[in-house]
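Input: a single structure, listed below in structure tokens.
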Amino acid sequence: MYWSRLFIPTLREDPAEAEIASHRLLLRAGYIRQLAAGVYSYLYLAHRSLRKIMEIVRQEMDAIGAQEMLLPALHPAELWQESGRWDLMGDNMFRLKDRFGRDLCLGMTHEEVMTALARGELRSYRQLPQIWYQIQTKFRDEPRPRSGLLRVRQFLMKDSYSFDLGPEGLEISYQKHYRAYCRIFHRCGLKFVAVEAHSGAMGGTESHEFMVPADAGEDSIALCTQCGYAANLEKASSRPVPPAVADPDVEAAPEEFPTPGRKTIAEVAEFTGLPESSLIKTLVMVVRGEPVLVLLRGDHALSQTKFEAAVGTSEFRPAHPDEVRQWLGADVGFVGPVGVRGIPVLADEALRGRKNMVCGANRNDYHLRHVTPGRDFQAEYRDLREVVDGDTCLRCGSRLEVKRAIEVGHIFKLGYKYSESMGLRVLNEHGREVPVIMGSYGIGLERILTAAVELYHDEDGMALPVSIAPFEAVITPVNRADESQWAAAEQLYNECRQLGLDVLLDDRDERAGVKFKDADLIGIPYRVTIGRKLAEGKVEIVERRTRATEEVALEQAAGRLQEKVRQQREWLEQQAEAAVSQPAATVG
RNA sequence: CGGGCCGUGGCGCAGCCUGGUUAGCGCGCUUGCUUGGGGUGCAAGAGGUCGUCGGUUCAAAUCCGACCGGCCCGACCA
């Protein structure tokens with residue numbers, strides 16, 4: 001392609017609204033333009049890159065026997081009502097009515113539609129297993145779209161669905177996806193980790209997320225530096241670091257003491273001179289309209305997902321200040337579990353066995369000391385605490401790290417949730433009707449691109465992996481007016497094309513600096529500079545990421561370039577192979 | 001859902017507080033010349049309902065109100 005004929009609207013200056021690197025660079029490099037909050041147009045370069053990503057995804061999905069389809073994005077409400085998710089999805093679902101007033105929605109995901117398709121067609125266990133997939137636009141009305149392409153309201157997803165006769169079959173389909181996903185992300189050049197995850201609104205039992213550690217990410221993950229344990233923070237468990245000081249070894253009853261105006265854990269700790277780990281943090285939650293006390297060590301935080309699991313519902317919220325006053329007779333900041341009647345108390349495991357701690361006295365401006373769980377109050381112990389950086393791994397005792405990460409893929413064992421609610425059954429070998437067990441598996445395609453930009457960029461722009469860059473190389477004649485340079489450039493361009501290389505020819509009548517800057521910005525992995533060295537019959541091959549420069553004879557340039565591209569691709573392929581031959585410890 | 005910030009040629013911004021000629025600047029764009037290895041220089045141009053609606057005023061980009069749009073932070077941290 002000739003650059004002068006292409007629409008690549010690069011910007012010299014950073015767009016004002018973009019904060020994170022990928023957003024800024026994708027805008028500046030002319031990959032994307034915003035249409036509305038969380039809605040983007042993918043221009044030529046982005047589309048080229050996404051096509052390459054899709055091609056990798058297709059190859060790997062096809063390789064595990066998955067069949068590509070394309071299902072509607074417009075769904076009738078009835079399907080979602082059947083699964084119970086019409087209400088569950090709430091405001092996240094785009095809803096609309098047709099001219100007859102019938103309720104419709106835009107697809108956020110396709111469990112319902114796939115299940116509906118399957119129940120109409122699958123009759124016999126002999127037809128199983130099946131893996132069906134599509135690459136399609138999904139719509140989610142996010143409460144807060146942000147960070148460029150990281151959290152958007154319309155995006156491309158590869159979603160697949162497996163149908164098996166029983167758990168063993170599902171396990172196989174799940175493993176196939178796990179490996180295919182590892183291959184896909186490696187081939188796209190991403191550094192990622194597969195983590196245990198929470199199933200959320202998808203339902204089901206087991207699930208893994210594929211996470212690319214990056215500061216711009218919106219998820220947090222816990223990683224063991226030694227044994228490979230990895231989990232979404234929502235799900236992660238750990239052994240907490242011990243309390244900063246040991247509990248006083250005395251036999252003493254709870255005793256009130258004044259703590260005027262000290263409401264927060266930090267204030268009470270400072271006032272008493274005790275570390276936060278010697279305090280009990282008391283949260284008042286409202287679960288289905290009823291109060292619940294939640295106790296944590298002062299330096300710990302409540303995990304919402306663990307709490308949700310503990311109470312068995314997502315219908316909970318922190319209590320309002322007046323509710324706290326009404327139920328406990330004191331303001332937020334001075335409440336505690338001692339003497340409380342008729343309100344269930346959930347305590348985090350980290351409080352088990354502690355003694356002589358400090359908590360609120362249920363009297364304003366007072367706390368209690370010498371409070372011993374089990375003696376001074378009763379509680380149901382659960383793991384409710386969010387893992388923090390520096391905790392100890394439950395498996396191996398090493399140190400856990402907490403990092404930000406971008407979720408690029410998520411796989412779920414759905415079990416029988418949809419087949420039972422929607423009536424997907426087949427006859428087994430005994431002629432009996434049995435529900436089909438399902439899995440669902442998603443990849444966010446633009447997130448692969450976004451994560452790659454977050455991972456691989458510098459001051460000058462992006463440096464994309466060769467497998468997903470919009471072009472493999474750009475040929476840059478330094479001086480467009482120089483006839484010999486131009487002739488050499490066209491010659492090299494044609495040779496590259498004949499070798500099957502995906503090259504861009506920068507034929508613009510611009511100064512060298514402009515062309516170099518643009519090439520750096522849009523992140524093409526290799527640039528061939530045709531300039532003053534041409535007098536000696538030589539051109540330069542420059543690697544974008546390292547700036548490593550190699551001089552080669554013009555006649556050998558195409559071959560050498562092909563070689564470099566091939567080496568890069570082979571390296572990515574080796575990563576993929578290695579990943580598959582060494583399945584992660586977290587699987588299965 | 002709570003909080004903060006921002007809407008002025010394609011992009012980045014100034015002007016607004018203290019209302020008053022023809023609304024500026026840089027980049028980009030067009031034309032010509034120039035230059036030719038990291039966003040070249042010179043010259044001449046084109047391009048703006050100042051987000052929308054309403055109000056105040058002799059007069060509104062500027063003051064007031066409502067609305068629309070966008071960005072950021074938070075949404076357990078007691």
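Every chain is numbered from 1 and lettered A, B, ... according to where its sequence line falls, protein lines coming before strand lines.
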Q.
Tell me whether the side-chain N/O atoms of R511(A) come closer than 4.0 Å to OP1 or OP2 in rG36(B).
A. no
Q.
Suppose you measure atom P in rG10(B) against the same atom in rG3(B); what distance do you get, rounded to whole Å?
A. 34 Å
(Q) Does E17(A) contact rG7(B) through a side-chain donor or acceptor facing the base, at a distance under 3.5 Å? (A) no
Q) Under 3.5 Å, is there an N or O donor on one side and an acceptor on the other linking the side chain of D509(A) and the base of rG36(B)? A) yes
Q) To the nearest Å, how far apart are D14(A) CG and rG10(B) P? A) 20 Å
**Q.** Intermediate values then yes/no, side-chain hydrogen bond (donor to acceptor under 3.5 Å, both in side chains), N356(A) and D247(A)
**A.** CA-CA 6 Å; N356(A) 295 316; D247(A) 294 328; over 6 Å; no
Q) Thinking salt bridges, do R544(A) and D458(A) make one under a 4.0 Å N-O criterion? A) yes
(Q) Whole angstroms only, please: what is the CD1-P distance between I8(A) and rG39(B)? (A) 20 Å
Q) For D520(A), which contact category applies under a 4.0 Å heavy-atom criterion: base, sugar-phosphate, or nothing? A) base
(Q) So that I can tick it off, tell me whether E543(A) and K564(A) are bridged by a salt bridge, with the cut-off set at under 4.0 angstrom between side-chain N and carboxylate O. (A) no
Q) So what does S147(A) hit on the nucleic acid, given a heavy-atom distance under 4.0 Å: a base, only sugar-phosphate, or nothing? A) sugar-phosphate
Q.
Taking only the P atom of each, what is the distance from rA61(B) to rA44(B) in whole angstrom?
A. 30 Å
Q) Quick one: the side chain of E13(A) and the base of rG28(B), do they pair up donor-acceptor inside 3.5 Å? A) no
(Q) For a quick check under 3.5 Å, do E446(A) and Y40(A) share a side-chain donor-acceptor pair by atom type? (A) no
**Q.** Separation of rA78(B) P from N362(A) CG (nearest whole Å)
**A.** 18 Å
Q.
Heavy atoms only, 4.0 Å cut-off, all strands: where does T476(A) land among base, sugar-phosphate and nothing?
A. nothing
Q: Can you tell me, in whole Å, how much space there is between the P of rC6(B) and that of rG15(B)?
A: 12 Å
Q: Name the nucleic acid region contacted by A301(A), choosing base, sugar-phosphate or nothing; use a 4.0 angstrom heavy-atom cut-off, strictly under.
A: base
Q: Determine the Euclidean distance between corresponding C1' atoms of rU18(B) and rC73(B); express it in Å to zero decimal places.
A: 33 Å
Q. Under a 3.5 Å cut-off for both distances, is rC63(B) Watson-Crick or wobble paired, and to whom?
A. rG55(B)
(Q) Starting the side chain at C-beta, find the nucleotide from rA78(B), rU40(B), rG37(B) nearest to A512(A). (A) rG37(B)
Q: May I ask you to decide whether R399(A) forms a salt bridge with D389(A), counting only side-chain N to carboxylate O separations under 4.0 Å?
A: yes
Q | Atom P, compared across rC5(B) and rA78(B): separation rounded to whole Å | A | 23 Å
Q: Under 4.0 Å between any heavy atoms, over every strand shown, what does D518(A) touch: base, sugar-phosphate, or nothing? Just pick one.
A: base
Q.
Need to verify one output field. Residue with the more 5' nearest nucleotide on RNA chain B, M285(A) or H23(A)?
A. H23(A)
Q) Would you call R404(A)-D219(A) a salt bridge at under 4.0 Å N-O? A) no
Q: For A18(A), report the nucleic acid contact type (base, sugar-phosphate, nothing); a contact means any heavy atom under 4.0 Å.
A: nothing
(Q) Just the rounded figure in Å: distance from C1' of rG28(B) to CD of E510(A). (A) 11 Å
Q: Identify, between V542(A) and G333(A), the residue whose nearest nucleotide on RNA chain B lies closer to the 5' end.
A: V542(A)
Q. Within the modelled atom types, does a donor on one side and an acceptor on the other bring the side chain of R527(A) and the base of rG38(B) under 3.5 Å apart?
A. yes
Q) Has the side chain of R28(A) got a donor or acceptor that lies under 3.5 Å from a partner of the other kind on the base of rG39(B)? A) yes
Q.
Considering every strand and a 4.0 Å limit on heavy-atom distances, what is the contact class for Q485(A): base, sugar-phosphate, or nothing?
A. nothing
Q.
I'd like the P distance from rG4(B) over to rG47(B), given in whole Å.
A. 41 Å
Q. Is K263(A) touching bases, backbone alone, or none of the nucleic acid, heavy atoms closer than 4.0 Å?
A. sugar-phosphate
Q) Which part of the nucleic acid, if any, lies within reach of K306(A) when heavy atoms closer than 4.0 Å are counted: base, sugar-phosphate only, or nothing? A) nothing
**Q.** Check ion pair R527(A)-D518(A) (N to O, under 4.0 angstrom)
**A.** no
(Q) Please report the distance separating the P of rU49(B) from the corresponding atom of rC16(B), rounded so that it comes out in whole Å. (A) 22 Å
(Q) Taking rC25(B) as the reference, what is the distance to rG9(B) when you measure between their C1' atoms (whole Å, please)? (A) 13 Å
Q: Could you please name the partner base of rC25(B), counting Watson-Crick and G-U wobble pairs only when both distances are under 3.5 Å?
A: rG12(B)
Q | Contact under 4.0 Å: Q34(A) side-chain N or O vs rC71(B) OP1/OP2 | A | yes
Q: Report yes or no: is there a donor-acceptor pair, N or O only, under 3.5 Å between the side chain of D482(A) and the base of rG36(B)?
A: no
